[in-house]
Amino acid sequence: MTDTKQGKDVQAAISERVPIMQRVLDNPFLLLFLGITVPAALYLIWGIMEVASVPIAE
Amino acid sequence: MTTVDVGAVGKAGIAVNYRTCRFTGLRIEANAETLIKVNAVAAVVFLALGGLMGLLVALTRWPAIQLLPAEWFYLVLTGHGANVLLFWIIFFEIAVLYFASAVLLGARLATPRIAWLAFGLMIAGALMANYAVLRGDSSVMFTSYPPMMASHWFYLALIIFAVGALLAVMVFFGTLVVAKEEKTYDGSVPLVTFGAITAGIIAVFTLASGAIILIPTWLWSIGVISQIDTLMYKVVWWGMGHSSQQINVSAHVAIWYAIGAMVLGAKPLSEKVSRTAFLTYILFLQLASAHHLLAEPGMSSSWRIVNTSYMMYLAVMGSMIHGLTVPGAIEAAQRRNGFDRGIFEWLTKAPWGNPAFSGMFMSLVLFGFVGGISGVVLGTEQLNVLMHNTLYVPGHFHGTVVAGTTLAFMAMTYLVVPLIFQRDIIWPGLARLQPFLFAIGAGGISLFMMGAGTLGVARRHWDISLTDAVHAFEYPPGAYMMMALNGIFAVLASIGGILFILIVVGSILRGPRLDGTNAKLTFPLHDASREAVSKYGSHATVKLPGTIVLVGIFFAAFVLYYFVNWKYLSDLWLFR
């Protein structure tokens, strides 16, 4: 019982030591979110706004 | 290859069968194996079709031959773009995604039925697109800019293909979840899988952009929408058109690491550094799409410069990191394997007779020197005006997609055939020669198209002599020579491509079976291939004199070419 508890503590300590950047890189769905939102904001949405703001010729 | 079948039932109650590969020790699930096979076969079929069309394009643009009439030229050019830039590449990438998730993580494929549905949709879309192109009313080229209108079948076909590919990418992400839930690996995923995750993420953005623009364009083609704004189309379409090539970059870099690991036992120099480089791809690589719009009126300088000169350079930095760490990992592994004399023994004694290695290394060199440097030049707003919409652009992307991606995928196929199809490679002598033929041909195509583009040759025109033009124009004689050389090297690349298809199809159908206990690979793998390719871990060393010299040569070429173009720009009358 004590061994199991100690094992869990060791496991928890190892989990805690994983650096934040590694945890980010280990989360494919966070990366998916970033990989969609950054180009969507900087390229697509900004680009579409630029095209939409071009005045229409009379 | 001995199969050790392990009948098992997954947590979800789905029956799964695994075998253990005798050569790598990797655990391969039956559904994943079959789906890798069918996607790889479909990829090769569309490569054959698209490659043939590419040869016809090159022979038509060779002024002394000018094989096809104009109508056929634009038809074949459209088919060439769709078959090789979309179908060959994406079918193969789906095979890579399944390999990097299910096989490298030793997991079962998530939702095989959806994976089959995805494959069916992709096949249906690809066949429909070819039907639409070949019947002659969809010769709008790969970019399909409005107001040119293709048959509604063409747009519908691309939408169906994109939906299928998106489903396949979802199966890939589902497989990552399955592997984590069922604890088939510990800690972080291996680097090759991380590269595949990068490709998968870019694929989602790419396919979403495609859906955003192709659905209204399809509605326009059937008369539901009255018009498509041409500039709006270009902005959103290039979110698909260029980003689809960034899936390639991520996938082929992952393949570089995979082949280095499997053939030489090369581990990444630093997992942190290589993953950070992939992270720059995830965040910034898609933004390079803007370089196609650098000459468009209506887009502000801020949008252009932020998307290309600032953000794109961060992704370029990622590529340069891989350009250091891939050969660095190979050098470190070779030195560990005993080739430690001098600066370059690791390279001269590398297994150049193994087509997987030679194809991979030439892909790395050509992608960096030809595709990479020219991409940075094209992405610089000021320099872009020198060659915007000239033949330089196809020259650049043949350097990335043909000499880089296609050559890397061919190299990977020399591993996929024995490990997944369990057939050995036939005609080893020709297989050794094939990557060199294709690399020289593809490198030549890229360089000579870039040369012709630098002399001003238009990107899409059927006839560079402009015979029937109202206003006559004469390109310099050097441009004609460049186009002839382009044709000659296209023939060379085609011979390499035909050889590849004959070797692969012949090996799959008639190659010696590898499931016997005494079977041996003609092109052997490294003893530590499994550990190197499927486990997290770095080979931390900085003793890389050969790689440092190679990187120094690359930087010298980069700086020289970059400043030559600035000098060239300063000579233009417009800027005096």
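Reminder, nothing fancy here: chain letters follow the sequence lines and each chain counts from 1. Side chains included, hydrogens not; waters and symmetry mates left out as well; all remaining heavy atoms used. This structure is a prediction, so every number in the text was calculated from the model and none was measured.
- Contact annotation for B:Val236: both backbone and side-chain heavy atoms come within less than 4.5 Å of a heavy atom of chain A.
- Closest heavy-atom contact between B:Phe194 and A:Leu31: CE1-CD1, 3.7 Å.
- The greatest number of non-hydrogen atom pairs below 4.5 Å with chain B, out of A:Gly35, A:Ala52, A:Pro39, is found for A:Pro39.
- Atom CG of A:Leu34 sits about 7.5 Å away from atom CG of B:Leu279, to the nearest 0.5 Å.
- Within the 4.5 angstrom heavy-atom criterion, only side-chain atoms of A:Phe29, from C-beta onward, approach chain B.
- Both the backbone and the side chain of B:Leu287 come within contact range of chain A, with heavy atoms under 4.5 Å apart.
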Distance-only donor-acceptor pairs under 3.5 Å across chain B and chain A:
residue  : atom : partner : partner atom : Å
B:Ser188 : OG   : A:Gln22 : NE2          : 2.9
B:Ser188 : OG   : A:Asp26 : OD1          : 2.9
B:Ser188 : OG   : A:Asp26 : OD2          : 2.9
B:Val235 : O    : A:Tyr43 : OH           : 2.6
B:Gln286 : NE2  : A:Gly35 : O            : 3.0
B:Ser300 : N    : A:Glu50 : OE1          : 2.5
B:Ser300 : OG   : A:Glu50 : OE1          : 2.9
B:Ser300 : OG   : A:Glu50 : OE2          : 2.8
B:Trp303 : NE1  : A:Tyr43 : O            : 3.2
B:Asn307 : ND2  : A:Leu42 : O            : 3.1

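- The contact between B:Leu283 and chain A is made by backbone and side chain atoms together, counting heavy-atom distances below 4.5 Å.
- Looking at B:Phe278 and A:Leu25, their side chains never come closer than 4.5 Å, going by heavy atoms from C-beta outward.
- Applying the salt bridge (charged side-chain N to carboxylate O under 4.0 Å, His left out) definition to pairs two or more places apart or across chains, none involves residues 199-211 of chain B.
- Counting heavy-atom pairs closer than 4.5 Å to chain B, the top residue among A:Val54, A:Leu44, A:Val24 is A:Leu44.
- When every heavy atom of B:Leu231 is checked against every heavy atom of A:Val51, the shortest pair comes out as CG-CG2, 3.8 Å.
- Going from atom CD1 of A:Ile48 over to atom CD1 of B:Ile212 covers 6.5 Å, rounded to the nearest 0.5 Å.
- Heavy atoms closer than 4.5 Å to chain A are found in the side chain of B:Leu293, but not in its backbone.
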